[in-house]
Amino acid sequence: MFEEAQTSITTQIQSYCAENEIPLTETINWQPIPFSGEWGMTTSFFQIAAQEARSGKKMVVPQRAQEIAAAVAAHLGTPPGFTHVEAVRGYLNLYFDSADFSRKIVDTVLAQGVDFGRGALKNEQVMVEYSQPNTHKSFHVGHLRSAILGDALSRILDFAGYDVIRANYPGDMGLHVIKWLWNYLKFHRGEKPEKDITKWMGDMYVEANRHLEENPELEKEIREVYARWDRRDPEIVALWEETRQWSLDGFNQMYAELDIPFDIYYFNSQMEEPGKAIVKALVEREIALDERPEGPVLVKLDELLGNKQEKYRVLVILRSDGTALYSTEDLALTLKKFADYPALKRSIYVVDVRQSLHFTQVWKTMEIAGYEEPKHCHHIPYEIVNLPGNVVMASREGTIVLLEDLLREARQRALEVVEEKNPELSVDTKKNVANAVGLGALRFPMLARDNAKTVTFDWESALDFNGQAAPYIQYAHVRANSILRRATGEKFSDVATPSHELDPSEVQLIDLISRLPAEVQRAADEYKTLQITNHAYDLAKAFNDFYRNCPVIQAEPDVRNFRLCLVDAARHSMANMLKLLGIQAPEVM
RNA sequence: GCCCGCGUAGCUCAAUGGAUAGAGCGCCUGACUUCGAAUCAGUAGGUUGGGGGUUCGAGUCCCUCCGCGGGCACCA
């Protein structure tokens with residue numbers, strides 16, 4: 001937020017170094033000053049000193065760094081906008097005029113409101129594909145991570161200034177669907193789900209697998225159903241269309257509850273034929289090997305690339321019976337996205353880490369075939385959600401926690417807490433608060449964790465609203481709201497330069513607010529929601545610290561006015577961060 | 001066997017190659033006649049899995065070993 005000051009000082013340092021024959025580094029990197037309790041920016045001279053040392057001069061690097069820092073400090077004096085400058089252990093620290101900059105930041109936040117932190121338009125279209133639920137199966141907590149992560153990344157990219165297309169890619173065809181249809185035709189013909197559609201669909205899938213395990217010779221019948229699907233047998237197609245819709249209805253209900261939207265849906269089934277066409281072309285060009293009917297169609301990647309050591313291995317792109325695989329469909333989908341959106345610059349896949357090799361293989365195959373699209377495709381891998389004891393959630397094993405159950409429990413638990421903490425709220429309000437808190441508590445732990453770290457689900461911590469969790473941030477927001485409510489009708493939006501000496505907690509809070517826009521950009525650049533959860537928590541913590549140390553309503557008029565503005569700025573900051581996470585910021589709780 | 005990821009306080013996790021590795025939970029001790037105690041203050045807890053290396057500086061980068069998880073020809 002203080003680019004001008006940084007640029008100006010940077011220029012001065014560079015010219016000073018040039019005049020005194022001190023070698024320059026390419027850029028001067030500014031950071032906040034740690035441990036100071038004050039507010040400023042810092043840079044170090046170790047690199048420059050090390051460069052001198054390498055050029056032959058004899059010196060002790062840290063000592064020389066301190067010499068340069070001191071010389072630069074003396075040269076700079078105290079530039080406008082700063083209160084003092086110091087050279088410490090090789091670092092040059094410049095302290096801002098706190099009052100001046102406080103005013104500037106608070107002013108900016110109040111002027112921008114809900115848009116505070118929004119990045120400049122990048123004129124770059126980005127597609128984020130996430131969720132990819134399988135129809136004819138249950139939707140469990142493991143599936144939730146992709147949905148929540150993809151949703152939050154979409155919000156962050158949008159806020160950072162990108163034009164985001166949200167895509168879903170349900171698995172509506174494949175071996176699992178065929179098994180389901182077979183089981184339905186054989187044992188449940190004519191039945192319809194009454195309620196809990198997704199659970200019912202999942203139970204039917206588990207049953208299908210059980211029948212197959214008990215009688216492996218039934219595999220033949222499965223192949224038969226697949227063949228009927230492949231020649232588009234009307235009965236199979238009609239049944240598939242109807243039952244598929246049951247699943248999709250169930251998913252839509254959950255997406256609505258979770259406030260997770262999509263702009264476009266792609267389906268496995270739509271990619272079968274275009275995928276097969278690509279396979280055919282790959283065979284004709286001798287990139288793929290057609291071993292049918294004895295074997296499948298495959299691409300020997302390492303052989304094609306001349307790799308001595310196995311790296312890309314072999315990718316099977318069509319079954320020996322000619323039916324499509326996930327890989328067949330992904331070949332087509334890669335192209336389809338760019339065909340649908342000609343302005344698309346990046347295509348992002350939020351898919352779990354176990355599929356890393358798969359995407360590498362698909363895109364490498366397409367690169368060999370000369371396609372440009374894979375260069376703009378990025379897999380954002382995330383680790384899966386396990387149950388305690390490192391138990392993988394698997395529909396077939398029945399080792400799952402259903403999303404429906406989790407949603408219900410979280411809301412119920414949140415409602416109990418609201419009843420206890422704030423019994424005088426209206427029934428409707430309590431319900432809304434329980435919803436905001438319950439859902440927020442589910443989202444936060446999935447986002448407040450590096451993508452590469454496994455999430456272990458257990459009921460106790462999932463329903464724990466204490467500590468580093470969404471309710472902590474929501475509560476800080478409620479407190480800010482509460483103060484502002486007491487000042488309704490007062491005009492406090494004109495930020496004056498604070499006349500009082502700022503409390504360290506005020507400096508800290510303002511500092512964190514000022515960093516918000518940069519955090520958004522970094523989260524977008526690195527595809528890391530963790531940046532946002534960390535910063536949101538730090539903001540809330542700083543606000544609580546401020547809340548304890550700095551009276552607002554009872555302060556003298558000037559101080560009161562500034563602090564009311566600061567509270568409002570903090571409220572906006574916290575609300576904006578929560579919004580990026582898809583977590584509601586209630587007025588009361 | 002080959003490839004990828006992870007290993008930080010008792011537990012769950014943070015930490016642009018920078019100054020003193022931080023939070024939460026749990027334990028113990030305190031704070032509501034004071035803007036909302038879903039809060040806050042304090043105590044205790046670390047050879048960042050082991051060993052080398054690069055660097056002025058390594059939890060972070062490189063090598064190696066150990067442990068855990070995952071992926072490797074017709075599941076998605």
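To find a chain, count down the sequence lines: A is the first, B the second, and so on, and within it residues start at 1. We use all heavy atoms of the structure for the numbers below, so side chains are in, but hydrogens, waters and symmetry mates are not.
Under the 3.5 Å distance criterion, with hydrogens and angles disregarded, a donor-acceptor pair is assigned to the side chains of A:Trp30 and A:Thr10. Looking at A:Asp172 and A:Ser269, their side chains do bring a donor and an acceptor atom within 3.5 Å of each other. Counted by atom type alone, A:Asn534 and A:Asp538 present zero donor-acceptor pairs between their side chains at under 3.5 Å.
With sequence neighbours excluded, the residues forming a salt bridge (Lys or Arg N to Asp or Glu O under 4.0 Å) with A:Asp230 are A:Lys276, listed by chain and number. In this structure, A:Tyr382 has no ring pair (Phe, Tyr, Trp, His ring centres under 6.0 Å) partners at least two apart in sequence or on a different chain. The ring pair (Phe, Tyr, Trp, His ring centres under 6.0 Å) search around A:Phe546 returns A:Phe543, not counting sequence neighbours. Contacts of A:Tyr312 classified as ring pair (Phe, Tyr, Trp, His ring centres under 6.0 Å), with partners at least two apart in sequence or in another chain: none. With sequence neighbours left out, A:Pro388 forms a side-chain contact (heavy atoms from CB on, under 4.5 Å) with A:Thr456, A:Asp458. A:Phe45 pairs by the ring pair (Phe, Tyr, Trp, His ring centres under 6.0 Å) definition with nothing, not counting sequence neighbours.
The pair A:Glu67-A:Arg64 meets the salt-bridge criterion, since a charged nitrogen lies less than 4.0 angstrom from a carboxylate oxygen. The pair A:Lys541-A:Asp545 does not count as a salt bridge, with every side-chain nitrogen at least 4.0 angstrom from each carboxylate oxygen.
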Quick one: which protein N/O atoms are closer than 3.5 Å to N/O atoms of nucleotides 70-72 of chain B? Pair and distance per line, please.
| residue | atom | partner | partner atom | Å |
| --- | --- | --- | --- | --- |
| B:G71 | N2 | A:Arg313 | NH2 | 3.1 |
| B:C72 | O2' | A:Arg313 | NE | 3.2 |
| B:C72 | O2' | A:Arg313 | NH1 | 3.1 |
| B:C72 | O2 | A:Arg313 | NH1 | 3.1 |
| B:C72 | O2 | A:Arg313 | NH2 | 3.4 |

Using a cut-off of under 3.5 Å, enumerate the N/O to N/O pairs linking the protein to nucleotides 36-38 of chain B.
| residue | atom | partner | partner atom | Å |
| --- | --- | --- | --- | --- |
| B:G36 | OP1 | A:Ser482 | OG | 2.6 |
| B:G36 | OP2 | A:Arg486 | NH2 | 3.4 |
| B:G36 | O5' | A:Tyr547 | OH | 3.4 |
| B:G36 | O2' | A:Tyr475 | OH | 2.5 |
| B:G36 | O2' | A:Arg479 | NE | 3.3 |
| B:G36 | N7 | A:Ser482 | OG | 3.3 |
| B:G36 | O6 | A:Met589 | N | 3.4 |
| B:G36 | N1 | A:Asn422 | ND2 | 3.1 |
| B:G36 | N1 | A:Met589 | O | 2.8 |
| B:G36 | N2 | A:Asn422 | ND2 | 3.3 |
| B:G36 | N2 | A:Met589 | O | 3.1 |
| B:A37 | OP2 | A:Arg479 | NH2 | 2.8 |
| B:A38 | OP1 | A:Tyr475 | OH | 3.3 |
| B:A38 | O4' | A:Lys421 | NZ | 3.4 |

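Distance check on atom C1': B:G10 versus B:U20 gives 24 Å, rounded to whole Å. Annotation: B:G24 and B:A41 have their C1' atoms spaced 16 Å apart (nearest Å).
Within 4.0 Å (heavy atoms only), A:Arg64 reaches no atom of the nucleic acid at all.
Between the side chain of A:Gln31 and the base of B:U16 there is at least one donor-acceptor pair of N/O atoms closer than 3.5 Å. Taking only distance into account, the side chain of A:Ser356 never meets the base of B:C4 through a donor-acceptor pair shorter than 3.5 Å.
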Which dot-bracket notation, 5' to 3', represents the base pairing of RNA chain B when pairs are defined as Watson-Crick or G-U with both distances under 3.5 Å, crossing pairs as [ ], and inter-strand pairs as |? (((((((..((((....[...))))..((((.......))))......(((((..]....))))))))))))....
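Listed by first and then second residue, the salt bridge (charged side-chain N to carboxylate O under 4.0 Å, His left out) pairs that reach into residues 436-453 of chain A are A:Asp151-A:Arg443, A:Asp450-A:Lys528, sequence neighbours excluded. For residues 300-320 of chain A, every residue pair satisfying the salt bridge (charged side-chain N to carboxylate O under 4.0 Å, His left out) rule, not counting sequence neighbours, is listed here: A:Glu310-A:Arg313.
Near RNA chain B, meaning a heavy atom under 4.0 Å away, the residues from residues 322-333 of chain A are A:Leu325, A:Tyr326.
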